[in-house]
Amino acid sequence: MLGVYIINLRHFTQQLTNPFWVHLVSYLNLGACSLNLATLTTRFVFPQFSLEGKRLWIVGMAPLGLPRVVRIKLALASSASLCITLTLIWLSCGMLKMPPERTLYFAGAITLMTFTLNGLAVGLGALYPNFKEDNPSKIVSGFGGTFCLVLSFLYIVASVLVLAMGSPWTPRRPPSLGWMIASWSAFVLFSALIGWLPLSLGLRRVAKFEH
């Protein structure tokens, strides 16, 4: 599906002659890339802690400790998904014929969103574990997985809207410098809250498993 999306962007850009539609499609592209990321983190990252299952006590007795194991899972998941999202945003921006500065702008945004969505998935995975299931699909279909997916989608919609309102490439009336700084500040703070708070709560709960 990602391949089909990238390939069809080339044909779609031939109809983009109005700056307004170019601006709109560029942020819709950011939303599409981040929604794909949210699907990946919910499907593959959220169930990672639950898949330890009956082996959890063995992992807990290891010198690393459970909180550090969760942090390692976060680092690995963020690194892997960042390679996918940066490649996806780079290819899609190239297909949309965006200038380098705008491509770097969206690359920075998707990087922060990658760490946020992975932190959200890892944190909620530790908060709502399901050690009775070995099937990741059944783990994701529970309350925790559904909550993670819904919260990820809400975060993406809010982030894209905030970034679009403070975009320096608005075709009609570009926002002031103060408004652009406020937009990015709100995006960074909101991302930090959504990514850090569930992760912090999840690490606290994981630490209690050792006692």
Side-chain angles (χ1 to χ4, degrees), residues 1-3 5 30-88 109-160 187-211:
M1 291 180 65
L2 294 177
Y5 169 72
L30 175 64
C33 294
S34 52
L35 286 173
N36 282 301
L37 171 63
T39 304
L40 291 175
T41 55
T42 303
R43 176 63 180 81
F44 297 105
V45 179
F46 173 82
Q48 287 297 313
F49 185 72
S50 297
L51 289 175
E52 299 295 342
K54 298 179 181 179
R55 300 178 297 273
L56 185 65
W57 68 275
I58 301 177
V59 179
M61 293 177 62
L64 290 176
L66 285 177
R68 191 171 180 183
V69 169
V70 173
R71 293 189 184 97
I72 292 174
K73 290 180 181 292
L74 173 63
L76 292 175
S78 299
S79 301
S81 56
L82 190 60
C83 294
I84 298 174
T85 52
L86 284 179
T87 302
L88 185 61
I110 201 68
T111 297
L112 182 56
M113 296 174 80
T114 298
F115 287 109
T116 300
L117 292 173
N118 276 284
L120 176 65
V122 171
L124 291 180
L127 279 174
Y128 301 102
N130 184 357
F131 300 121
K132 298 180 181 180
E133 291 289 346
D134 294 327
N135 189 339
S137 300
K138 293 183 179 180
I139 296 174
V140 173
S141 62
F143 171 78
T146 304
F147 183 52
C148 179
L149 185 63
V150 171
L151 196 58
S152 298
F153 282 4
L154 292 176
Y155 161 74
I156 289 169
V157 172
S159 297
V160 172
F187 170 60
V188 172
L189 291 175
F190 185 51
S191 298
L193 178 64
I194 294 295
W196 173 81
L197 183 59
L199 180 62
S200 177
L201 295 175
L203 289 174
R204 288 184 183 180
R205 179 165 186 180
V206 166
K208 294 180 180 179
F209 290 157
E210 296 180 344
H211 304 289

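We find the CG-CG distance between L37 and N118 to be 6.5 Å, quoted to the nearest 0.5 Å. To the nearest 0.5 Å, atom CH2 of residue W196 and atom CG of residue L120 are 14.0 Å apart. Distance check, rounded to the nearest 0.5 Å: CE of M113 to CG of L35 gives 8.0 Å. The CD1 atom of I110 sits 6.0 Å away from atom SG of C33, with the distance rounded to the nearest 0.5 Å.
Between P136 and Q48 there is no side-chain heavy-atom pair separated by less than 4.5 Å. At a threshold of 4.5 Å between non-hydrogen side-chain atoms, the residues L51 and D134 do not count as touching.
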Enumerate donor-acceptor pairs with a distance under 3.5 Å from any side-chain N or O in residues 145-159 to protein atoms, sequence neighbours excluded.
residue : atom : partner : partner atom : Å
T146    : OG1  : G142    : O            : 2.9
S152    : OG   : C148    : O            : 2.7
Y155    : OH   : S191    : OG           : 2.7
S159    : OG   : Y155    : O            : 2.8

Worksheet item: Given F190 and T116, is the side chain to side chain contact (heavy atoms under 4.5 Å, CB included) satisfied, shown in steps?
Response: CA-CA 9 Å; F190 185 51; T116 300; over 6 Å; no
Worksheet item: Could you go step by step and tell me if V45 and L40 meet the side chain to side chain contact (heavy atoms under 4.5 Å, CB included) rule?
Response: CA-CA 7 Å; V45 179; L40 291 175; over 6 Å; no
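For the side chain to side chain contact (heavy atoms under 4.5 Å, CB included) criterion with L117, the lone passing option out of T39, T85, T41 is T41.
Residues T114 and S81 have side chains that never bring a donor and an acceptor to within less than 3.5 angstrom of each other.
More than 12 heavy-atom neighbours from other residues, nucleotides or ligands sit within 6.0 angstrom of CG on N135.
In this structure, F187 and A109 approach most closely via the heavy-atom pair CZ-O, 3.8 Å.
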